[in-house]
Amino acid sequence: MSVVRAAIAVELAANLTIRAHYSTNTAMPVHEINEQLRAANGLRGKFQKHILKFYKNTEHESSIKALNNICKEINDQRNSVCHSGTFKMKREAKL
């Protein structure tokens, strides 16, 4: 279950990042921000539809792309546990 907990923590951090960006940089109402979060549908969607775009052409772009690759792996591990019932070895959980 540690893989699932880690994935949840990462997605919560993505939610906070998205919420903070829209709250700080736009006049978007909270209910629209909430809809954006729902529509992004998962960690991969939140990175593809929001976070990568926030940092495009900035000094942080390469770091965010590297983080996105790590998040893809975490998400894949989570999905194999949640959707296929796969058990993870300790080395896989230490990702």
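Heavy-atom basis, side chains included; hydrogens, waters and symmetry copies ignored.
A donor-acceptor contact closer than 3.5 angstrom links the side chains of Glu73 and Gln77.
Distance check: Thr17 OG1 to Ile51 CD1 gives 5.0 Å after rounding to the nearest 0.5 Å. Here the straight-line distance linking atom CG of Asn34 with atom CD1 of Ile18 works out to 11.5 Å at 0.5 Å rounding. Here CZ of Arg78 is found 4.5 Å from NE2 of His83. Values are rounded to the nearest 0.5 Å. Separation of atoms NZ (Lys49) and CZ (Phe54) is listed at 13.0 Å; rounding is to 0.5 Å. Rounding to the nearest 0.5 angstrom, the gap separating the CD1 atom in Ile8 from the CG atom in Asn15 is 11.5 Å.
Without hydrogens or angle criteria, Glu11 side chain to Ala7 main chain gives no donor-acceptor distance under 3.5 Å. In this structure, Asn68 contributes its side chain and Ile64 its backbone to no donor-acceptor pair below 3.5 Å. Using a distance-only test at 3.5 Å, with no hydrogens or angles considered, no donor-acceptor pair links the side chain of Ser23 to the main chain of Ala20.
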Requested in this report: Determine, step by step, whether His21 and His50 satisfy the side-chain contact (heavy atoms from CB on, under 4.5 Å) criterion, reporting the C-alpha distance in whole Å, the side-chain angles of both residues, the deciding distance to 0.1 Å, and the verdict.
Outcome: CA-CA 9 Å; His21 175 84; His50 300 285; over 6 Å; no
Report task. Determine, stepwise, if the pair Lys65 / Glu61 fulfils side-chain contact (heavy atoms from CB on, under 4.5 Å). Result -> CA-CA 6 Å; Lys65 285 182 177 180; Glu61 184 175 17; 3.5 Å; yes
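Heavy-atom contacts from other residues, nucleotides or ligands closer than 6.0 Å to OH of Tyr22 number more than 12. Atom CG of Asn41 has 12 or fewer neighbouring heavy atoms from other residues, nucleotides or ligands inside a 6.0 Å radius.
Side-chain contact between Cys71 and Leu67 is present, with at least one heavy-atom pair separated by less than 4.5 Å. By the 4.5 Å heavy-atom criterion applied to side chains, Met28 and Gln36 are counted as neighbours. No side-chain heavy atom of Glu35 sits less than 4.5 Å from a side-chain heavy atom of His31.
When all heavy atoms of Asp76 and Arg44 are compared, the pair lying nearest together is OD1-NH2, 3.0 Å.
Shown are Ile70, Asn75, Ile74; of these, the side chain to side chain contact (heavy atoms under 4.5 Å, CB included) with Val10 is made only by Ile74.
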